[in-house]
Every structure is written in structure tokens, then in C-alpha cells.
There are 2 protein chains.
Amino acid sequence: MPRDRGNVRRRMREAALELFLEKGYDGTTAAEIAARAGVTERTFFRHFPDKREVLFNEAELHARLDAAIAEAPPRLGPLEAVVWAFQSLAPMFEENRPLAEPGRAVIAQTPALQERQLAKTASITRAITEALQRRKIEPALAGLAAVTGMAVTGHALQAWVQDPSLPLVEHFEQAFQALKQLSKPAPR
Amino acid sequence: MPRDRGNVRRRMREAALELFLEKGYDGTTAAEIAARAGVTERTFFRHFPDKREVLFNEAELHARLDAAIAEAPPRLGPLEAVVWAFQSLAPMFEENRPLAEPGRAVIAQTPALQERQLAKTASITRAITEALQRRKIEPALAGLAAVTGMAVTGHALQAWVQDPSLPLVEHFEQAFQALKQLSKPAPR
DNA sequence: TGCTTTATGTCAGTGACTGACAATAGAGGT
DNA sequence: ACCTCTATTGTCAGTCACTGACATAAAGCA
């Protein structure tokens, strides 16, 4: 019965998001999601290890970040390389926006999903750290650049959701500049 | 039937830890934990919102941290206040060590528990941020001091588990000194 | 002693997730 | 067009986390 191959996954993601917006995450059963996608509950759990995963797409982000950090100009420092990598992924974020934006809303009101979000952030941070080490950055510095880069990125994505008029690239740039302001002057 | 009052909770925590060490987290059912504590599964879920919570003790830590940060000497800066607060809670950590140490081992090999751990860390970080703001620290600085303080504390606790010969207070001190080293010199 | 409150037991039910096995659609070869 | 082989999916039964409703007994108090 392999009729759609990779499309089944996408259909289930879309069906899930629709239902979550209609009835909330807790009010939606995995069987309902599967049904709307024209498939069985069992198939749902073959594609996603658990119900929460339907809202996240870590694998793709992970792979693209790995590649982007490797391709960043060698002259760039660790934090700059991270920012550069996210900048280069901006088109992907823009493209996924129709799904990502309402997804954030659902996550925001569901503790179980916020928890998973934290785990995903941690996982991506580890991935960035390793990618930086492949650029011959020492581990401690790589880790620091990774968490900082993730924080800046998260901030920029947040701002982008609230103000879609500005392109994501600009939000990245602003957040990065704000960080520089923070670390520069000794106040008072 | 209120015979033990608060003791039931402690008995269930101990029973859970024992069983987790014997059969692993996933191999242990909530009913088994309850049975070993001489109680019903339903009672277990009356005391803990879910199975994972049996391994964490956020409420107490949260309350004590709030108080400790409020009591820290006024002359201390935000990060110093956080470190001071954790220092003052060292006796509590030392006392809970028999439970906390094996608990860490269980968490380390159970993804579901690591996820919850991240959530707890985030929650405590928020609590510290708010406590610092009550000391008239501006929000951005308070948040930065909170995450930094949590990172230093986590590092110290990690080291303490691996080297119990040194008192926890010393580990806190060492980790704090290490942080200062990191932020001081501009390498190369 | 009788009454109220509180912690627990009992029971039935939902929903997430899993293992085992059967059934079918598609690719590729003949 | 027919056959074969493999990747996916459907079906079914079962475990376990978690919940609501109601009954019950212990503890505190009048």
C-alpha cells in the first residue's frame, strides 16, 4: 500500500495542526489525527514515536544546520558562524512559516509540548556544539557559542512571529546587534 | 484514613527509587511503586501528578531558593546572590544526597526523565529571575544571572556527585571561580 | 459520643503506545 | 500482461498511565 511515501507524514502533520487549533492538543486523540489524514492510528505511531513529535521537525533542521555551519566562511568566529548558518536557513523558516506560526501557539498553551520544545532546543544546541568543534573550535567555547546562538535565534524567531512585516533575516540581524550591545558596555 | 500524613509521599519516593534501580524506570509500573509503599495506585496519582514527578522535588527547592535569595546580603550583586543562595542550601543538598545521587543515575538513562529535568531547570531559573527582580535587579540582568547561576550550580553538583570527598560548598566555590576565569581574559 | 473533614480504597473508563500477524499496493523482472 | 518481492499499511489484542465518581474509614473537633 505504499501510495504516497513521504506525503503521509506531511498530511498527518497538517491534520494534527488543524485539529489542535480546533479542539486543543489534549482534546485531540491520535486516532482522530490519523483518521483525518486518511490513515490508521497504528500508522500514525509508525511515523511518529509519540503524539508530541507530530509538531516538531528536528531531523531536517538538524541536518541543514550541520551542513550550513560546515559551509560557513572559515574566517568567521564561532558565534558568527552560528548566526550565519541560521541566516542561510531563513528561506526554510519563511517557507515553513504557515505551519510554524500556529504551531507555536499550540505549544504555548500546552505544558507537555513546552517540555518537548525544551528537549528539542537542547538537542539542537548539542548538534551546533559538535558542528563547531568540527571547525576546530575548542569544546567549552563551542558550547558557549551554541547556547548563545540558540538564545539569539529564539529571540529573533519570537520577534518575527509578532512582526511578520520585517523579513526574518532582519530580525536575526537585530537580535545579533542587541547581543553585542549587551556584552559591550559596563553600565553605570 | 489519614494515618501518616506527609510520610506517604516520602515512602512512595523511596519505593520508586528502589524499583527504578532494580528494574529501570520503564520496567516499573506506578501500581508497583504504590504497592511497595503500602498504598493504592490511585493514591500514588493523588500525590504526584504523573509518574515522573516522583523523582523530583521542585516545590521545596523553589521555596527555599526564594527565601535564600531574599535573605542574601544586600551588597551582593545578582550572580553573587544566586551563588550565595545555593551555598546556603548546601546542607539541604548534603542531606538529600542519598536520594539525589541514585536519582541522577536513573534520570541519566531515561529520556523521559531528562526531558522533565530540563523543564524543572527552566522552572527554577524563572523562579530565580523573579526573586532577583524583587531585589530591584532589572529583568534582563536578572535573567542572565539566573541562567548563569543555574549553569554554575549544575556544574558543581555534577562534580560533587563524582567526587563526594570534597564538601559541596567547595565545589560551588570552585565552579564559581572557574566561571570568573572564563569571562576574564581575551584569549590569543 | 456524634459530626465533619481528609486521606484513602474501589471501580470503571479513556487514551497513548506496542507487538504480532495478515493484507495489499507498488517496483522490477520475465 | 503476469509474477515476485518488498515496503507500508490495516487489524487486533493487550499493557499502562492517568482520571472521575463514589464509598469508606481515620482523625480532629464539638
Side-chain angles (χ1 to χ4, degrees), chain A residues 1-20 22-56 58-59 106-107 109-117 119-120, chain B residues 1-20 22-56 58-59 106-107 109-117 119-120:
Chain A
M1 271 181 165
R3 205 168 62 201
D4 309 82
R5 303 276 302 194
N7 290 15
V8 186
R9 226 182 220 89
R10 186 171 45 76
R11 270 176 17 227
M12 286 195 284
R13 284 195 202 280
E14 293 169 358
L17 189 51
E18 289 174 20
L19 286 164
F20 292 164
E22 293 173 16
K23 317 168 33 177
Y25 176 83
D26 293 320
T28 306
T29 82
E32 288 171 336
I33 301 173
R36 181 167 298 200
V39 95
T40 316
E41 184 187 13
R42 191 64 181 88
T43 295
F44 177 90
F45 286 109
R46 284 205 182 89
H47 286 269
F48 305 104
D50 63 62
K51 188 181 162 192
R52 301 172 194 157
E53 285 296 313
V54 79
L55 268 178
F56 299 90
E58 192 203 2
V106 176
I107 294 173
Q109 31 182 294
T110 311
L113 293 175
Q114 295 174 32
E115 211 170 310
R116 179 56 53 87
Q117 175 85 283
K120 292 302 183 189
Chain B
M1 270 181 166
R3 205 168 61 202
D4 308 80
R5 304 276 302 194
N7 289 14
V8 186
R9 227 182 221 87
R10 188 171 45 77
R11 278 190 353 242
M12 286 195 284
R13 284 195 202 279
E14 292 169 358
L17 190 50
E18 289 173 21
L19 285 165
F20 292 164
E22 292 172 16
K23 316 166 36 176
Y25 176 84
D26 293 320
T28 306
T29 81
E32 288 171 337
I33 301 173
R36 181 167 298 200
V39 94
T40 316
E41 184 187 14
R42 192 64 181 87
T43 296
F44 177 89
F45 286 109
R46 283 204 183 92
H47 285 270
F48 305 104
D50 64 62
K51 188 181 161 191
R52 302 174 182 118
E53 285 295 313
V54 78
L55 268 178
F56 299 91
E58 192 203 1
V106 175
I107 294 173
Q109 29 182 290
T110 312
L113 293 175
Q114 295 174 32
E115 211 169 308
R116 179 58 52 86
Q117 175 84 284
K120 292 301 182 189

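Chain letters run A, B, ... following the sequence lines, proteins first, then strands; residues in each count from 1. Treat the numbers as computed from the prediction; the structure is a model and nothing was measured.
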Legend entry - Side-chain heavy atoms of B:Q117 within contact of B:R52, under 4.5 Å: no

Inset, instruction - Provide, to the nearest angstrom, the distance between the OH atom belonging to B:Y25 and the P atom belonging to D:dC16. - result: 13 Å

Legend entry - Pair A:E32 + A:R36, salt bridge at N-O below 4.0 Å: no

Legend entry - Length of the CG-C1' vector between B:D26 and C:dC17, whole Å: 12 Å

Legend entry - Minimum-distance nucleotide (side-chain atoms of B:F45 versus C:dC17, D:dT9, D:dT19): D:dT19

Inset, instruction - Answer whether the closest heavy-atom distance between the side chains of B:R116 and B:L55 falls below 4.5 Å. - result: no

Legend entry - Phosphate OP1/OP2 of D:dG10 contacted by A:T43 side-chain N/O (<4.0 Å): yes

Inset, instruction - Provide, to the nearest angstrom, the distance between the CE atom belonging to A:M12 and the P atom belonging to C:dC17. - result: 14 Å

Inset, instruction - State plainly whether the residues A:K120 and A:E53 are in salt-bridge range, i.e. N to O under 4.0 Å. - result: yes

Inset, instruction - Check whether any side-chain N or O of A:H47 sits under 4.0 Å from OP1 or OP2 of D:dT8, and answer yes or no. - result: no

Legend entry - Earlier contact from the 5' end, DNA chain C, for A:A30 and A:R42: A:A30

Inset, instruction - Find the distance B:R11:CZ to C:dT8:C1' and express it as a whole number of Å. - result: 12 Å

Legend entry - Between C1' of D:dT8 and CZ of A:R9, the distance in whole Å: 12 Å

Inset, instruction - Calculate the interatomic distance between A:F44 atom CZ and C:dG15 atom P; express it in whole Å. - result: 15 Å

Legend entry - Rounded interatomic separation in angstrom, taking CG from B:L19 and P from D:dC16: 14 Å

Legend entry - Interatomic distance where CD belongs to A:E41 and P belongs to D:dT15 [whole Å]: 17 Å

Legend entry - Which nucleotide in D:dA17, C:dA20, D:dA21 has an atom nearest any side-chain atom of A:R46: C:dA20

